[in-house]
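Below is one structure, written out as structure tokens; the observations come after it.
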Amino acid sequence: MKIICVGRNYVDHIKELSNDRPTDPVIFIKPDTALLDSSQAFYYPSFSKDVHYELELVYRIGKVGKNIEAKFAHKYIDAIGLGIDFTARDVQSRLKEKGLPWEKAKAFNGSAFVSSMRPITEADFVSPIDFELQKNGESVQKGNSELMIWNIEALIADISQYFTLKTGDYIFTGTPAGVGPVAMGDVLSGFLQGEKLFDLAIK
């Protein structure tokens, strides 16, 4: 399986990082070794002093497909949940300054946390989806699916032109504003439509 991530998909997050608004989805991929499931803790990597959380809606692919039209995209999703795209911001900044790829900052071991997933429903495609991240009990990020520049159907249509989607793949759909640093001892908690899906310890 692979983890497909979308960058710069929320206007407010683009502004907070002083980035340009893209004209097409910004896509990058994490390897399966980046996956961190809900039974594990996140261990702070030794190569960074500034790791940030980025909460995202995550969709799981349920069958193989490529060149998928947006109107059929919903047929390829079988579950929805939350994820955290952990980013070594200091490493990313150094790489960006040199015009180099970001994999060391974005795709390191354990950098793609995925919560427990629930089956997708028709309502998930027609109703706004609220999600929230709390750090040590305080709300730090709130998002809504309607605020995405490209919704999941548009993302699948774009992604599947370049990469064949396979059963078990995850799509991270981008993060809203409010990203920030984590420290050892923190606990991150994620909520989807008000339901807690995870508590994640930072060690």
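When a residue number appears, it is its place in the shown sequence, counting from 1.
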Would you check if the side chain of [X] reaches a backbone N or O of [Y] as a donor-acceptor pair within less than 3.5 Å?
X: T164; Y: K66; answer: no
X: N136; Y: D186; answer: no
X: E153; Y: A73; answer: no
X: D158; Y: L155; answer: no
X: T175; Y: E56; answer: no
X: N9; Y: V6; answer: no

What is the distance from atom [atom1] of [X] to atom [atom2] of [Y], rounded to the nearest 0.5 Å?
X: F191; Y: L133; atom1: CZ; atom2: CG; result: 9.0 Å
X: S189; Y: K196; atom1: OG; atom2: NZ; result: 4.5 Å
X: Y162; Y: N67; atom1: OH; atom2: CG; result: 10.5 Å
X: L100; Y: Q92; atom1: CG; atom2: CD; result: 12.5 Å
X: D169; Y: K63; atom1: CG; atom2: NZ; result: 14.5 Å
X: K2; Y: I61; atom1: NZ; atom2: CD1; result: 8.5 Å

With a 4.5 Å heavy-atom cut-off, do [X] and [Y] have their side chains touching?
X: I159; Y: I27; result: yes
X: D199; Y: L188; result: no
X: T87; Y: S111; result: no
X: Q40; Y: L35; result: no
X: V114; Y: Y170; result: yes
X: M184; Y: K203; result: no
X: I29; Y: F163; result: yes
X: Y44; Y: V182; result: yes

Which atom names give the shortest non-hydrogen contact between [X] and [Y], and what distance separates them?
X: A112; Y: I3; result: CB-CD1, 3.8 Å
X: Y59; Y: I129; result: OH-CD1, 3.8 Å
X: F131; Y: N144; result: CE2-N, 3.6 Å
X: F198; Y: S115; result: CD2-CB, 3.7 Å
X: G174; Y: Y10; result: O-CE1, 3.3 Å
X: G62; Y: T167; result: O-OG1, 3.5 Å

Between [X] and [Y], is there shared hydrophobic-cluster membership here, with clusters defined by ILVMFWY side-chain heavy atoms closer than 4.5 Å?
X: F172; Y: Y76; result: no
X: V58; Y: I80; result: no
X: W150; Y: I4; result: yes
X: M1; Y: I68; result: no
X: M117; Y: L82; result: no

Next on the checklist: If you apply the rule side chain to side chain contact (heavy atoms under 4.5 Å, CB included), what do you find for Q141 with V179, and how did you get there?
Outcome noted: CA-CA 7 Å; Q141 274 191 291; V179 303; 3.6 Å; yes

Next on the checklist: Under 6.0 Å between ring centres: does that hold for F42 and F86?
Outcome noted: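 When the ring centroids of F42 and F86 are compared, they turn out to be within the sub-6.0 Å range.
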
Next on the checklist: Could you check whether D50 pairs with R89 (Lys NZ or Arg NE/NH1/NH2 to Asp/Glu carboxylate O, under 4.0 Å)?
Outcome noted: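 No, this pair does not count.
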
Checklist entry - Does CD belonging to E122 count more than 12 external heavy atoms closer than 6.0 Å? => result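 No, because the 6.0 Å sphere around CD of E122 holds 12 heavy atoms or fewer from other groups.
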
Checklist entry - Going through the distances and angles, do L200 and I84 end up as a side chain to side chain contact (heavy atoms under 4.5 Å, CB included)? => result CA-CA 10 Å; L200 176 63; I84 298 179; 4.2 Å; yes

Next on the checklist: Assess, by modelled atom type and distance only, whether the side chains of D90 and S93 contain a donor and an acceptor separated by less than 3.5 Å.
Outcome noted: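 S93 and D90 do not have a side-chain donor-acceptor pair below 3.5 Å.
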
Checklist entry - In terms of side-chain heavy atoms, does S139 have a donor or acceptor partner in E132 at a distance below 3.5 Å? => result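 Yes.
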
Checklist entry - What do the steps show when you test R118 against D124 for side chain to side chain contact (heavy atoms under 4.5 Å, CB included), and what is the final call? => result CA-CA 11 Å; R118 65 168 174 78; D124 293 321; 3.1 Å; yes

Next on the checklist: Working note: L165 + V64, criterion side chain to side chain contact (heavy atoms under 4.5 Å, CB included); need CA distance, chi angles, decisive distance, verdict.
Outcome noted: CA-CA 5 Å; L165 295 175; V64 176; over 6 Å; no

Item to check | Pair listing, salt bridge (Lys or Arg N to Asp or Glu O under 4.0 Å) test, anchored in residues 102-112, at least two apart | outcome: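 For residues 102-112: E54-K106, D85-K106.
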
